[in-house]
Amino acid sequence: AKAAGRGRVECFTSELGTSQRRRMTLERELREALARNELVVHYQPQVDLQTWTIRSAEALVRWNHPTLGSVSPGEFIPVAEDTGLINNIGAWVLAKACSDAKHVLPGLRIAVNASAAQVQRAAFVNELRSILSRYQLSPEWLEVEITESLLMEDVNSAVENLHAIKELGVRIALDDFGTGYSSLAYLRRFPFDKLKIDRAFIRELMTTSDARAIVRTILQLAGVLGMDTVAEGVEEPAQLDVLAHVGCHAIQGFLVARPMPAEELADLCRRWESL
Ligand code: C2E
Ligand code: CA
Ligand code: CA
Ligand code: CA
């Protein structure tokens, strides 16, 4: 019985071990990542469908680790959120994005993702203000992307902070729209400038009539509330056709470009303009 028990324990620890060890490694390495300059920010353009111009881009953080290779933000951002490292990483991304917006990508509005934990802190608005002034960037060139989960956690402080961000002159986008639970009441309470339609609906645009109806409804809703719309994850020309037809304002996705370094996006914008 003892041997069997030991066997079970071993089996248990080695199974749990793989993902837990990975997580502990990520956590340990992530603490050093900023100091070692392992994080970089890439930018993915958003194309305005009325004018077919690039007006804005989303900043997406990348982690290139010397031995782990490139770790996706989908994996390390949750670790950063759980450990509180997200505040340091988030502030670094914000500063890098403002610097690039000022020096490498002037004329593009840069959207930066913010985790709920960042935006919920009262200090966030002051951080935003001081980063903008440090880089001498006019607030209109910055947009903060938040997801619906933020709205669910602590509604009152979220409302307050978002209004303070808005008063700074920074724009606010609601990310992954349609995947959470926002009600119409929520949408009215929060000062969103833009709705980003989640990739899940775009992916099914051509195959299910539901997705198409939902996208059309989101666009109508955004229209009534005076918000801009961006479709995320546009990969195929057919999706673009439908989105243009139903009046979506802008698209973002591999069809136009993958996320890339700021200098490459600056090149793309120059070529784009001379088309
Ligand atoms: P997100 O904010 O929804 O970002 C869009 C994700 O979709 C990005 O993945 C982007 O590379 C990917 N994508 C763009 N176009 C297409 C397409 O046409 N097809 C497909 N299949 N994917 C596309 P990425 O860069 O791996 O980021 C994943 C998530 O990590 C982001 O989702 C965001 O939630 C989070 N994230 C990234 N950077 C930051 C950051 O600086 N701060 C915070 N808090 N979160 C971040
Ligand atoms: Ca986003
Ligand atoms: Ca998104
Ligand atoms: Ca997402």
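No experiment lies behind these values; they were computed from the predicted model shown. Numbering of ligands and ligand atoms starts at 1, following listing order. The first residue in the sequence is number 1, and the count goes up from there.
Polar contact with ligand 1: present for Val61 (N/O pair, distance under 3.5 Å). By the 3.5 Å distance cut-off applied to N or O atoms, Asp175 is counted among the residues near ligand 1. Between Val93 and ligand 1, not a single N/O pair is under 3.5 Å apart. Annotation: Glu145 places no N or O atom under 3.5 Å from an N or O atom of ligand 1; distance criterion only.
A salt bridge is defined here as a Lys NZ or Arg NE, NH1 or NH2 lying under 4.0 Å from an Asp or Glu carboxylate O, and Lys96 with Asp100 meets this definition. The pair Arg171-Glu140 does not meet the salt-bridge criterion, since no charged nitrogen lies less than 4.0 angstrom from a carboxylate oxygen. Between Glu75 and Arg22 a salt bridge is recorded (basic side-chain N to carboxylate O distance below 4.0 Å). Between Asp82 and Arg23 a salt bridge is recorded (basic side-chain N to carboxylate O distance below 4.0 Å). Ion pairing between a basic and an acidic side chain is recognised when a charged N comes within 4.0 Å of a carboxylate O; Arg212 and Glu204 show no such pairing. Between Glu235 and Arg203, no side-chain nitrogen of the basic residue sits less than 4.0 Å from a carboxylate oxygen of the acidic one, so the salt-bridge criterion is not met.
Atoms of ligand 1 found under 4.0 Å from any heavy atom of Asp176 (numbered from 1 in listed order, with element): 3 (O). Listed by atom number, the atoms of ligand 1 under 4.0 Å from Asn113 heavy atoms are 2 (O), 39 (C), 40 (C), 42 (N), 43 (C), 44 (N), 45 (N), 46 (C).
No heavy atom of Gly90 sits closer than 4.0 Å to any atom of ligand 1. Contact analysis leaves Ser72 out of contact with ligand 1, as no non-hydrogen atom separation drops below 4.0 angstrom. Within the 4.0 Å heavy-atom cutoff, Glu58 counts among the residues contacting ligand 1. Between Glu232 and ligand 1 there is a heavy-atom distance shorter than 4.0 Å. Under a 4.0 Å heavy-atom criterion, Arg199 is in contact with ligand 1.
For the pair His249 (side chain) and Thr229 (backbone), a donor-acceptor distance under 3.5 Å is present.
Cation-pi check for Arg121 over Phe124 is not met; the charged atom does not lie both under 6.0 angstrom from the ring centroid and within 45 degrees of its normal.
One finds an angle of 90° at the Ca ion (ligand 2) between OE1 on Glu145 and OE2 on Glu58, to the nearest 10 degrees. Rounding to 10 degrees, one finds that the Ca ion (ligand 3) sits at the corner of an angle of 90° between Asp175 OD1 and Asp176 OD1.
When distances to the Ca ion (ligand 2) are checked against a cut-off of 3.0 Å, Thr147 contributes no N, O or S atom below that limit.
Note that the CG atom of Asp193 and the CD1 atom of Ile172 stand 6.5 Å from one another [nearest 0.5 Å].
Of the listed options Gln239, Gln44, His42, Gln44 places a heavy atom closest to atom 15 (N) of ligand 1. Of the candidates Pro73, Ala117, Ala111, the one placing a heavy atom closest to atom 35 (C) of ligand 1 is Pro73.
In Arg62, the part holding a heavy atom less than 4.0 Å from any atom of ligand 1 is the side chain. When heavy-atom distances to ligand 1 are checked against a 4.0 Å cut-off, Arg258 has no atom that comes that close, whether in backbone or side chain. If you look at Val41 next to ligand 1, there are no close heavy atoms at all, none under 4.0 Å.
Within 6.0 Å of CZ in Arg109 there are more than 12 heavy atoms belonging to other residues, nucleotides or ligands. Heavy atoms of other residues, nucleotides or ligands lying less than 6.0 angstrom from CE of Met24 number 12 at most.
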